[in-house]
Amino acid sequence: MKKVYTCFCTDIIHEGHLNIIKEAMKYGEVVVGVLADEAMIKFGRFPVRDVNERIEMVKKIDGIKQVIVQDSIMYDKVISDIQPDYVIHGDNWKTGYLKAVRDNVEKLLSAYGGKIIDVPYTYNENVKRLDAQIKEKLSMPEYRRKRLKQLLHLRPIVKTIEVHSGLTGLIAEKTVVEHNGEFDQFDAMWVSSLCDSTAKGKPDIELVDMTSRFRTIDDVMEVTTKPIIFDGDTGGLTEHFVYTVRSLERMGVSAVIIEDKTGLKKNSLFGTEVVQTQDSIEHFCEKISAGKKVQLTDDFMIIARIESLILDQGMEDALRRAHAYVNAGADGIMIHSRKKDPAEILEFCDKFRVDNKHTPIVVVPSSFNSVTEAELSAHGVNIVIYANQLTRSAFPAMEQTAKDILKYHRAQEVDSRLMPIKDIISLIEEL
């Protein structure tokens with residue numbers, strides 16, 4: 001009896017999957033792989049059901065001989081283990097980033113004479129409706145809010161990118177890359193005070209009020225499903241911060257990061273070049289505790305950002321504050337530096353992990369951007385935030401386009417470096 005293999009990356013079974021099983025049964029015994037949770041996340045799909053629930057869901061389909069877990073997006077181990085005569089898949093993997101998976105499977109099968117069966121991809125109104133229902137479920141506050149904590153258990157390091165609009169949110173949501181046989185994407189989104197203010201043409205001094213910043217969150221949430229980490233600046237007055245926590249939690253935001261400074265905010269990368277006052281440990285701990293007391297769920301996280309290294313207060317001060325903030329209830333610690341060498345960041349992480357093995361550590365490698373995610377993870381970092389790169393890449397491109405149109409009195413010279421408008425529109429789904 002020939003052996004046929006297919007892999008499902010889904011939380012629901014619809015007619016497209018049943019069609020693949022029906023076709024597979026024509027060729028032999030059917031083995032179905034269920035993609036593991038972590039692999040699904042790399043693939044661009046956060047699972048609504050865990051892998052065990054999805055296994056049970058697939059087992060209920062008539063005609064399946066065996067159900068197994070596929071740990072990786074690539075099929076190397078599965079094909080090595082079961083040696084299928086055929087691998088069957090929807091023909092949507094013949095183009096785009098999925099083509100790398102098909103090419104890999106074709107190479108593996110050719111080593112012993114196996115073949116690929118491409119089935120016309122099923123996408124009709126019913127399938128579209130079911131896919132939309134899953135997306136809507138992922139975007140609901142009660143599901144989105146807890147996703148950051150889930151990711152901390154599933155991912156070696158949570159990759160987070162700055163967004164400041166619905167369009168940048170779609171870039172964060174839909175960008176998936178394949179490189180050297182590995183797939184990856186961003187796990188979460190960072191709503192930055194700096195970038196939000198810059199997009200509105202305002203200085204980064206907490207001038208843009210929370211109501212306006214919440215509108216940015218609404219714009220992003222309306223078109224995305226990934227968890228949001230909110231830049232809360234100093235948190236403001238404690239009496240105001242508690243309302244911010246309640247509002248963010250209700251909206252479905254996963255975390256807020258507040259920094260231990262007082263007075264008129266100045267961007268941390270200015271360091272000691274401008275007057276910046278660090279809050280006392282006691283007062284900042286009171287603010288953290290007050291925020292935790294008003295939470296209604298265990299899903300929401302308050303992360304304390306330590307400015308000691310930025311303000312040249314030394315490593316011991318940073319560590320003392322970190323432990324105090326955790327004791328006050330902080331769900332995570334963000335350590336920041338304006339140096340290009342990541343040495344002091346890595347030193348902090350190593351020393352903090354001696355006494356605290358579990359509290360998540362967050363870093364923002366804007367200045368020390370030579371360090372890799374793997375290096376950060378090896379030193380105990382859990383979340384990396386690329387805090388302003390989309391804004392910084394967009395501005396020079398737009399400015400140069402404006403200059404060239406003025407220079408040449410037409411748009412032809414800039415056209416070769418512009419994305420076709422239909423490609424931008426394709427990011428935006430219609431109901």
Side-chain angles (χ1 to χ4, degrees), residues 1-134 176 178 180-183:
M1 194 74 172
K2 299 285 187 179
K3 188 176 291 185
V4 190
Y5 180 75
T6 189
C7 181
F8 285 168
C9 174
T10 183
D11 287 293
I12 55 173
I13 298 297
H14 55 60
E15 59 194 274
H17 303 109
L18 298 177
N19 184 45
I20 285 177
I21 297 300
K22 182 179 178 181
E23 189 66 23
M25 289 171 61
K26 297 176 182 178
Y27 294 87
E29 292 182 344
V30 181
V31 179
V32 177
V34 173
L35 201 60
D37 291 346
E38 185 174 344
M40 274 189 74
I41 291 167
K42 282 188 175 183
F43 193 55
R45 299 172 184 266
F46 193 94
V48 174
R49 302 178 175 184
D50 68 31
V51 67
N52 294 318
E53 292 175 307
R54 286 182 281 119
I55 288 170
E56 293 304 313
M57 174 185 72
V58 173
K59 282 182 176 179
K60 293 177 182 178
I61 303 174
D62 291 334
I64 294 175
K65 176 72 174 180
Q66 184 183 6
V67 180
I68 64 173
V69 175
Q70 182 171 320
D71 291 323
S72 171
I73 297 165
M74 293 300 186
Y75 288 45
D76 298 67
K77 187 175 186 304
V78 166
I79 289 179
S80 174
D81 288 347
I82 69 174
Q83 295 280 296
D85 298 284
Y86 302 98
V87 171
I88 187 168
H89 195 284
D91 62 3
N92 58 314
W93 72 342
K94 296 175 76 171
T95 59
Y97 64 85
L98 286 177
K99 187 176 184 299
V101 180
R102 189 186 187 281
D103 290 346
N104 174 252
V105 170
E106 190 170 43
K107 179 182 177 182
L108 295 168
L109 292 177
S110 65
Y112 60 87
K115 294 181 180 180
I116 289 177
I117 303 168
D118 294 311
V119 177
Y121 186 71
T122 305
Y123 197 69
N124 53 35
E125 286 302 314
N126 184 50
V127 173
K128 183 178 178 181
R129 177 179 57 80
L130 291 171
D131 285 346
Q133 286 177 352
I134 290 293
V176 182
E178 181 274 330
N180 292 334
E182 287 288 329
F183 282 75

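For Ala100 against Met74, the heavy-atom pair with the smallest separation is O-CE, 3.9 Å. The two residues Ala36 and Val69 come nearest to each other via the heavy atoms CB-CG1, 4.0 Å. Between Ser80 and Gln83, the closest heavy-atom pair is O-NE2, 3.7 Å. Heavy atoms only, all atoms of each residue included: Thr10 and Arg54 are closest at O-CD, 3.1 Å.
Within the 4.5 Å cutoff, no side-chain heavy atoms of Phe8 are placed close to those of Leu35. A heavy-atom distance below 4.5 Å is found between the side chains of Pro84 and Ile79. Looking at heavy atoms from C-beta onward, Ile134 lies out of side-chain contact with Phe46 at the 4.5 angstrom threshold. Counting heavy atoms from C-beta on, the side chains of Ile116 and Val105 come closer than 4.5 Å. Considering only heavy atoms from C-beta on, Asp118 comes within 4.5 Å of Arg102 through its side chain. Residues Lys115 and Leu109 have side chains not in contact (no heavy-atom distance under 4.5 Å, counting atoms from C-beta outward). For the pair Val101/Phe183, a side-chain contact is recorded, criterion being any heavy-atom separation below 4.5 Å from C-beta on. The side-chain heavy atoms of Tyr27 and Asp85, taken from C-beta on, include no pair separated by under 4.5 Å.
With salt bridges taken as basic N to acidic carboxylate O contacts below 4.0 Å, one links Asp81 and Lys77.
For the side chain to side chain contact (heavy atoms under 4.5 Å, CB included) criterion with Ile20, the lone passing option out of Val30, Thr122, Thr6, Ile117 is Thr6.
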inquiry  = The test is side-chain contact (heavy atoms from CB on, under 4.5 Å); show your working for Val4 and Val31 and say whether it passes.
reply    = CA-CA 6 Å; Val4 190; Val31 179; over 6 Å; no
message = With salt bridge (charged side-chain N to carboxylate O under 4.0 Å, His left out) as the criterion, how do Glu56 and Arg49 come out once you've worked through the C-alpha distance, each side chain's angles and the decisive distance to 0.1 Å?
response = CA-CA 11 Å; Glu56 293 304 313; Arg49 302 178 175 184; over 6 Å; no
request  = Walk me through it: do Glu15 and Val127 pass the test side-chain contact (heavy atoms from CB on, under 4.5 Å)?
outcome  = CA-CA 8 Å; Glu15 59 194 274; Val127 173; 4.0 Å; yes
task = Start with the C-alpha distance between Lys128 and Asp131, add both sets of side-chain angles, then the distance that settles side-chain contact (heavy atoms from CB on, under 4.5 Å), and finish with yes or no.
result = CA-CA 5 Å; Lys128 183 178 178 181; Asp131 285 346; 5.8 Å; no
message = With side chain to side chain donor-acceptor pair (under 3.5 Å) as the criterion, how do Tyr5 and Gln70 come out once you've worked through the C-alpha distance, each side chain's angles and the decisive distance to 0.1 Å?
response = CA-CA 11 Å; Tyr5 180 75; Gln70 182 171 320; 2.6 Å; yes
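In this structure, the separation between NE2 on His14 and CD1 on Ile12 is 5.5 Å, given to the nearest 0.5 Å. In this structure, CD1 in Ile88 is found 8.0 Å from CD1 in Ile21, a value given to the nearest 0.5 Å. Note that CE of Met57 is 7.0 Å distant from CD1 of Ile61, once rounded to the nearest 0.5 Å. The CD atom of Glu106 lies 8.0 Å from the NZ atom of Lys99; values are rounded to the nearest 0.5 Å. Note that the OH atom of Tyr121 and the NZ atom of Lys94 stand 15.5 Å from one another [nearest 0.5 Å]. Within the model, atoms CD of Gln66 and CD of Glu29 stand 9.5 Å from one another, a figure rounded to the nearest 0.5 Å.
No donor-acceptor pair under 3.5 Å is formed between the side chain of Asp11 and the backbone N or O of Pro47.
Using bins of under 30°, 30° to 60° and over 60° for the plane-to-plane angle, the ring pair Trp93/Tyr75 lands in the tilted bin.
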